[in-house]
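Reading through the structure tokens given below for one structure.
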Amino acid sequence: MPNQSPFDTTQNIFQNRDVLDVDDYQPEQLIERDEQIDEYASALEPILNGWKPNNIFVYGKTGTGKTATTHYMLNWLRHDIQEQSSAVEGSDKKDSNTTSSTNLEVVYLNCEALTSSYQVAVELLNDLRDEAHQVATRGHAPNDIYNWLFEEIDNRNGVVLVVLDEVDHIGDDDTILYQLARARSTNNLKNSNLGVMGISNDFSFREDLSPKVRDSLCEKEILFPAYNATELTEILKRRAEKALYDDAYDLGVLNSSAAYAAKDKGSARQAIDILRNAGDLAQKKDLDTITPDLVKEAKGIVERGRVSEMIGGLSPHGKYALHGLAIASKNNETPIRTKELYDYYRIVCQREQTDTLSVRALRDHLAELDLIGIAKEDQRNAGRGGGKYKQFDLDVKVDAVIEAFKSDTDVHHSMDNSF
DNA sequence: GATCCACAGGAAATAGTGGCTT
DNA sequence: AAGCCACTATTTCCTGTGGATC
């Protein structure tokens with residue numbers, strides 16, 4: 001093969017790009033989260049004695065280290081239990097009654113796609129059961145599911161720790177939490193101890209729980225505040241040391257990446273994403289260093305990516321509502337109140353040749369847009385004669401929205417011919 | 001301090017999908 | 001096949017609400 005390979009593997013920027021992969025890379029050291037680790041430790045410690053741990057409720061926005069810290073703690077927990085059991089085996093095998101080790105089963109479940117208590121219960125049950133005894137996601141009586149679930153847990157003869165990430169997706173039916181949190185007192189469990197950890201990025205979720213559930217689920221609460229720019233810089237330093245070549249970046253680059261993210265959501269994910277993208281840009285342009293300009297460009301890329309992702313998760317009418325809002329924004333008519341936005345929405349529906357939904361339905365879609373953070377709502381009250389109403393505006397750049405709609409299959413008419 | 005506006009948003013009903021048990 | 005069940009997206013109906021104005 002005389003020709004040169006089309007692959008260019010020379011690296012000026014990254015010594016290990018994977019370190020900047022937010023989803024896959026688990027740092028072995030967590031920084032800026034000592035307080036939370038201590039609180040976790042004290043709540044989980046009883047497990048090492050085979051006792052019931054405190055139920056824990058964890059909350060904080062995305063990218064504040066909830067999931068990373070949780071996995072970090074679970075790894076330590078498994079590690080310590082493992083050591084315990086090998087210590088027992090090493091000692092007197094016959095007399096294991098007194099020093100027996102603890103059986104621990106951790107069930108980690110991300111509830112992102114699960115919208116009801118029922119679905120969570122089925123999912124948990126299937127996680128505990130083997131391949132041959134899986135149950136279907138519909139068609140069973142709820143009580144059967146719960147009974148089977150407790151049967152499985154009780155069979156474990158040890159401690160079962162159920163971790164429910166993104167619990168707020170369950171919605172307002174908290175039966176599963178109620179069942180799990182109170183399993184002990186209702187005598188459903190005789191041989192096992194059950195601990196529940198709920199992780200949520202919605203602060204209000206805790207308030208919406210029924211009082212009984214709140215008391216038992218929130219025995220221990222751990223709050224993950226957003227990172228400030230200084231903390232983000234520290235985090236980036238750690239990552240950059242491993243991910244990048246020393247002379248490929250300077251402190252200024254880390255500072256500005258951190259600053260952009262801190263100003264927006266205070267999310268470590270975002271800061272790391274910006275840095276990685278800046279590195280990719282430098283690589284593509286065959287540069288030896290990451291420049292401030294590239295960081296700025298990377299910030300734009302990350303924001304556009306976020307917007308596309310959010311739009312991708314919307315239902316068709318959610319998209320039409322957003323499209324209407326974007327047109328209004330282009331027309332400099334935002335913030336716009338619901339009633340007027342309805343007109344824009346109707347136009348979008350006409351052009352997409354779909355039926356227009358009621359105002360009530362639009363209100364639900366707009367609430368959804370606010371929830372995911374692509375739009376922001378603002379309640380106003382003009383008093384007697386004016387009344388109470390809401391105003392909406394985009395919470396991201398209009399151009400990012402327009403860009404994202406160009407590659408969307410549900411919206412066929414781009415904004416370019418929207419006027 | 002009572003009034004009253006323009007909505008917000010809860011509740012129930014409806015319709016359609018799909019899967020269970022017997 | 002009949003009679004269950006869960007879930008989603010929607011409509012219709014209606015009660016609740018906060019503060020500028022009277």
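In what follows, every heavy atom counts, from backbone to side chain, and hydrogens, waters and symmetry copies are set aside. Residue numbers start from 1 in every chain, and the chains themselves are labelled A, B, ... in the order their sequence lines are given, proteins ahead of strands.
If you measure from atom CG of Asp378(A) to atom P of dG18(C), you get 15 Å, rounded to the nearest angstrom. If you measure from atom CG of Leu341(A) to atom P of dA6(B), you get 19 Å, rounded to the nearest angstrom. Whole-Å rounding puts the Gln119(A) CD to dG18(B) P distance at 16 Å. One atom, CG of Leu114(A), and another, P of dC7(C), lie 10 Å apart when rounded to the nearest Å. When the P atom of dA9(C) is taken as reference, atom NZ of Lys319(A) falls 13 Å away, rounded to whole Å. The CG-C1' distance, from Leu314(A) to dA9(C), rounds to 15 Å in whole Å. Nucleotide dG16(B) holds its P atom 14 Å from the CG atom of Asp355(A), rounded to whole Å. Atom CG of Asn381(A) is separated from atom P of dT21(C) by 11 Å (rounded to the nearest Å).
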**Asked** Run the side-chain hydrogen bond (donor to acceptor under 3.5 Å, both in side chains) check on Gln26(A) and Tyr72(A) step by step: do they pass?
**Response** CA-CA 8 Å; Gln26(A) 167 84 33; Tyr72(A) 175 82; over 6 Å; no
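With salt bridges taken as basic N to acidic carboxylate O contacts below 4.0 Å, one links Arg156(A) and Glu152(A). A salt bridge does not link Asp293(A) to Lys296(A): none of the charged nitrogens lies less than 4.0 Å from a carboxylate oxygen. The pair Asp399(A)-Lys330(A) meets the salt-bridge criterion, with a side-chain N (NZ, NE, NH1 or NH2) lying under 4.0 Å from an Asp/Glu carboxylate O. By the 4.0 Å N-to-carboxylate-O rule, Asp280(A) lies too far from Lys284(A) to be salt-bridged with it.
Counting heavy atoms from C-beta on, the side chains of Leu180(A) and Leu124(A) come closer than 4.5 Å.
Axis angle between the ends of the helix from dG1(B)-dC22(C) to dT22(B)-dA1(C), five pairs each and rounded to 10 degrees, works out to 30°.
Within the 4.0 Å cut-off from OP1 or OP2 of dT8(C), at least one side-chain nitrogen or oxygen of Thr115(A) is found. Within the structure, every side-chain polar atom (N or O) of His365(A) is placed at least 4.0 Å from both OP1 and OP2 of dA9(C).
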Within the sub-3.5 Å range, which N or O atoms of nucleotides 8-15 of chain B have a protein N or O partner, and how far apart are they?
| unit_1 | atom_1 | unit_2 | atom_2 | d |
| --- | --- | --- | --- | --- |
| dA8(B) | OP1 | Thr338(A) | OG1 | 2.6 |
| dA8(B) | OP1 | Lys390(A) | N | 3.4 |
| dA8(B) | OP2 | Arg363(A) | NH1 | 2.4 |
| dG9(B) | OP1 | Lys390(A) | NZ | 2.9 |
| dG9(B) | OP2 | Lys390(A) | NZ | 2.8 |
| dG9(B) | N7 | Arg360(A) | NE | 3.3 |
| dG9(B) | N7 | Arg363(A) | NE | 3.2 |
| dG9(B) | N7 | Arg363(A) | NH2 | 3.4 |
| dG9(B) | O6 | Arg363(A) | NH2 | 3.4 |
| dG10(B) | N7 | Arg360(A) | NH2 | 3.0 |
| dG10(B) | O6 | Arg360(A) | NE | 3.0 |

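For the pair Arg17(A) and Tyr25(A), the cation-pi criterion (under 6.0 Å, within 45° of the ring axis) is not fulfilled.
Shortest non-hydrogen contact noted between Ser192(A) and Asn157(A) is OG-N, 3.1 Å.
Between His323(A) and Tyr320(A), the distance separating the two ring centers is not shorter than 6.0 angstrom.
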